[in-house]
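Structure record follows, encoded as structure tokens.
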Amino acid sequence: MNVGDERTVSLWASVNVAPDAVPLTRDEQVDVVVVGSGIAGLSVAYELALAGQRVAVIDRGSIGSGMTARTTAHLTSICDDYFSELIALRGRQLARLFYESQSAAIDHIQAVQETEAIACDFRRLPGFLFPSSAGQDGTLERELDAARQIGIAVERTVGLPFEGFSTTPALRYAGQATFHPLKYLQGLAAGIQRRGGALYSDTVVEKVEETSGGVRMTTASGFVVTGIWAVVATNSPINDRVAIHTKQAPYRTYAMSFEIRAGIIADGLYWDTEDPYHYVRLQPGGGERHFLVVGGEDHKTGAVDDAEERFANLTAWSRRLIPDLGAETHRWSGQVMETTDYVGFIGRNPGNERVFVVTGDSGEGMTHGVVAALLIRDVIVNGSSSWQELYEPSRKTTRAIGDYLRENATAIRNFAEYIAPGELDSVEKLGPGEGAIVREGLTKIAAFRDEDGTLYKRSASCTHIGCHVHWNSLERCWDCPCHGSHFAVDGTALNGPAVFPLAGLV
């Protein structure tokens, strides 16, 4: 999804990652074609360019304008869904490998920003897991035990720099970090270009094919890019309809930034144990002016349209903990892909030899993206990676069958919506700035009326596998709850897996 196509703007969005990138205007032949220019796509391209591969990065929008521009940029080696859960699902050995690979990603970001002299506000910080309400201490005990089982350095501590939390217990994890995500991408993009790599913006890849001894990418503009290897690093894969999409689910997440005076709270990463949970970090501003970045309040994509309530909850939570918090400066939302076993899908796309996929960030997109770069580089250059088994895209997930069916029931329920009444019985009832699903005969219509009265009417059927889209009034886009596609009011596909626009009406 592109920042310019949404109504909200993140704290990071003013940074133009690659202002000189242009659309593809000719056929191209390279060693490696990368689709997607977030932290995963640019990190993969950077590593392979360093290894002497000729790379091309293609994005449907501006370089770096997708979900990486909508992160809160926590760099953590701690499992977002708890190590106790991960151990139960994948065992101690793979849980330890997860910690090691995510830690290696943080180390690598630090090394790259030093080598490339990227001024991206990178700094090492401790991370704190804490209960923000009574009766949640059990989670800390489980996580302390899980950390000890797999050899993670963690310590009990008491007291947090929040109002009323002077005696609150917490777990302190050393060696975490944070940075400015788009300044980092800007440095990666420059490094790729210095090594002969090409960056193509505003170019829609419609088809990814594996050929005899290579790969072929076909774009909407008719140009073709061929190569030896392909990497699909879109938020939700554009090259797959079933194999991976049934093992992960899209979640909408929310973030805000507030002004905060220097010294109000100690620089660190803070995560609570609520459900849905909340997380906080600081971002340097200028002089005494800094920013507090808070995120959370996640929900299944398309399940509800209550963003204002989500932001109100984030604001209330933040101001309860930090009464001296300053004015709100930004609010935004994004999408994370939650896998059924909490670990991303990184490696060869199921059924392919030369096409790789990166997806399933599970709330840790920054480190997963860099893990992908290291893993895929090693497989292409050296033939294998010690992390392949952990992140294998074709693995059979081991999560409880009830949870697996619950996530995939979205698609089943979704198709049933086509026979239900519309949200409105006529487009004439749409007010300015409103969107809704309207039934016209046997057809469901995704309808939006602009402030000037212009009416947009498109099919309500997602062009990926035909799920029923839902209106997102915050971002003024149509969200597909099945696999995470987003569409602009005119039907343009903004986020994969869909690559084609919502169909027009005859």
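- Gln193 and Arg195 share no donor-acceptor pair across their side chains, judged by distance under 3.5 Å alone.
- In this structure, Glu392 does not pair ionically with Arg348, as no charged nitrogen and carboxylate oxygen lie closer than 4.0 Å.
- When atom types are taken as modelled, the side chain of His278 and the backbone of Gly296 share no donor-acceptor pair closer than 3.5 angstrom.
- The shortest non-hydrogen separation linking Gly302 to Pro481 is CA-CB, 4.2 Å.
- The side-chain heavy atoms of Pro284 and Arg123, taken from C-beta on, include a pair separated by under 4.5 Å.
- A donor and an acceptor atom, one from each side chain of Gln110 and Arg124, are located under 3.5 Å apart.
- In this structure, Ser236 and His483 approach most closely via the heavy-atom pair OG-O, 2.9 Å.
- Salt bridge Asp298/Arg310: absent, no basic N to carboxylate O contact under 4.0 Å.
- With hydrogens and angles disregarded, a donor-acceptor distance shorter than 3.5 Å links the side chain of Ser65 to the backbone of Ser62.
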Show the numbers, then the answer: is there a side-chain hydrogen bond (donor to acceptor under 3.5 Å, both in side chains) between Gln102 and Thr76? CA-CA 7 Å; Gln102 300 287 316; Thr76 176; over 6 Å; no

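- Listed for the Asp31 side chain is no donor-acceptor partner under 3.5 Å among the backbone atoms of Gln53.
- A salt bridge links Glu451 with Arg476; the closest basic N to acidic carboxylate O contact falls under 4.0 Å.
- Between His299 and Tyr254, the ring planes are tilted. Angles from 30° to 60° get that label.
- Thr454 places no side-chain N or O within 3.5 Å of a backbone atom of Asp450 that could act as its donor or acceptor partner.
- In terms of modelled atom types and a separation under 3.5 Å, the side chain of His290 and the main chain of Gly285 share a donor-acceptor contact.
- Between Val34 and Ile58, the closest side-chain pair of non-hydrogen atoms is not below 4.5 Å.
- Aromatic rings from Phe448 and Trp478 are positioned such that their centres are separated by 6.0 Å or more.
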Decide salt bridge (charged side-chain N to carboxylate O under 4.0 Å, His left out) for Glu209 and Arg216; before the verdict, give the C-alpha distance in whole Å, the side-chain angles of both, and the deciding distance to 0.1 Å. CA-CA 5 Å; Glu209 301 173 275; Arg216 175 186 173 93; 3.7 Å; yes

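- Side-chain atoms of Asp305 and Ser473 form a donor-acceptor pair, as typed in the model, at a separation below 3.5 Å.
- Between Val379 and Ser384 the shortest side-chain heavy-atom distance does not fall below 4.5 Å.
- In this model, a donor atom of one side chain and an acceptor atom of the other lie less than 3.5 Å apart for Thr329 and Ser257.
- Few gaps surround CD on Glu259; more than 12 heavy atoms of other groups in view lie less than 6.0 Å from it.
- Gln186 places a side-chain N or O within 3.5 Å of a backbone atom of Asn16 that can act as its donor or acceptor partner.
- Contact annotation: the side chain of Lys183 never approaches that of Gln113 to less than 4.5 Å [non-hydrogen atoms, C-beta and beyond].
- The side-chain heavy atoms of Leu42 and Ile63, taken from C-beta on, include a pair separated by under 4.5 Å.
- Rounding to the nearest 0.5 angstrom, the gap separating the OG1 atom in Thr359 from the CG atom in Asp361 is 7.0 Å.
- Gln176 and His74 are not linked by any side-chain donor-acceptor pair at a separation below 3.5 angstrom, with hydrogens and angles left out of the test.
- Using modelled atom types and a 3.5 Å distance limit, the side chains of Gln335 and Thr253 yield no donor-acceptor pair.
- Proximity of His368 to Ile346: side-chain heavy atoms (C-beta onward) are separated by under 4.5 Å at one or more points.
- No side-chain heavy atom of Asp59 sits less than 4.5 Å from a side-chain heavy atom of Ser201.
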Let's go through Glu389 and Arg395 carefully: what are the C-alpha distance in whole Å and the side-chain angles of both, what is the deciding distance for salt bridge (charged side-chain N to carboxylate O under 4.0 Å, His left out) to 0.1 Å, and is it a yes or a no? CA-CA 8 Å; Glu389 179 187 357; Arg395 70 182 183 268; over 6 Å; no

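- Note: Ser318 OG to Asn313 CG = 10.5 Å, rounded to the nearest 0.5 Å.
- Ile260 and Phe291 make their closest contact through CG2-C, 3.7 Å (heavy atoms, listed as atom of the first residue, atom of the second, distance).
- Classification of the Phe179-Tyr184 ring pair by plane angle, with boundaries at 30° and 60°, yields tilted.
- The shortest heavy-atom contact between Ser43 and Leu188 is OG-CD1, 3.5 Å.
- In terms of modelled atom types and a separation under 3.5 Å, the side chain of Ser103 and the main chain of Tyr99 share a donor-acceptor contact.
- Once rounded to the nearest 0.5 Å, the distance linking SG of Cys79 with OH of Tyr342 reads 8.0 Å.
- Using modelled atom types, one side-chain atom of Thr178 and one backbone atom of Ala73 make a donor-acceptor pair closer than 3.5 Å.
- Looking at Glu210 and Arg354, no side-chain N of the basic residue comes within less than 4.0 Å of a carboxylate O on the acidic one, giving no salt bridge.
- Aromatic ring orientation, Tyr279 versus Tyr277: tilted (interplanar angle from 30° to 60°).
- In this structure, Arg60 does not pair ionically with Asp202, as no charged nitrogen and carboxylate oxygen lie closer than 4.0 Å.
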Please evaluate residues Arg331 and Thr8 with respect to the criterion side-chain hydrogen bond (donor to acceptor under 3.5 Å, both in side chains), reporting the C-alpha separation (whole Å), side-chain torsions for both, the decisive distance (0.1 Å), and the verdict. CA-CA 6 Å; Arg331 58 173 57 189; Thr8 62; over 6 Å; no

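- With no hydrogens or angles considered, no side-chain donor-acceptor pair links Ser385 and Tyr391 at under 3.5 Å.
- Rounding to the nearest 0.5 angstrom, the gap separating the SG atom in Cys477 from the CG atom in Asn472 is 4.5 Å.
- Taking OG1 from Thr315 and CD from Glu297, the interatomic distance works out to 10.0 Å, rounded to the nearest 0.5 Å.
- Salt-bridge check for Arg458 with Asp490: failed, with every basic side-chain N at 4.0 Å or more from each acidic carboxylate O.
- One finds a salt bridge joining Glu28 and Arg26 here, because a Lys/Arg side-chain nitrogen approaches an Asp/Glu carboxylate oxygen to under 4.0 Å.
- Considering all non-hydrogen atoms of both residues, Gly334 and Arg252 come closest at O-CD, 3.2 Å.
- Side chain of Arg281 to main chain of Thr72: a donor-acceptor pair is present (N/O by atom type, distance under 3.5 Å, no hydrogens or angles).
- Put simply, CD on Gln283 and CZ on Phe258 are 15.5 Å apart, with the number rounded to the nearest 0.5 Å.
- The minimum heavy-atom distance linking Phe500 with Thr463 is given by the pair O-OG1, 2.6 Å.
- Using a 4.5 Å cut-off on side-chain heavy atoms (C-beta onward), Val358 and Ile376 make contact.
- Judged purely by atom type and a 3.5 angstrom limit, Glu100 has no side-chain atom pairing as donor or acceptor with the backbone of Leu97.
- Neither side chain, His486 nor Glu475, offers a donor N or O lying under 3.5 Å from an acceptor on the other.
- Applying the side-chain hydrogen bond (donor to acceptor under 3.5 Å, both in side chains) test to Asp27 and every residue at least two apart in sequence or in another chain returns nothing.
- Under the 2.5 Å cut-off for SG-SG separation, Cys482 and Cys467 qualify: their sulfur atoms lie closer than that.
- Side-chain contact check for Ser221 and Thr219: at least one donor-acceptor pair (N or O, by modelled atom type) lies under 3.5 Å.
- Between Phe356 and Trp229, the ring-plane angle classifies as tilted under the 30° and 60° cut-offs.
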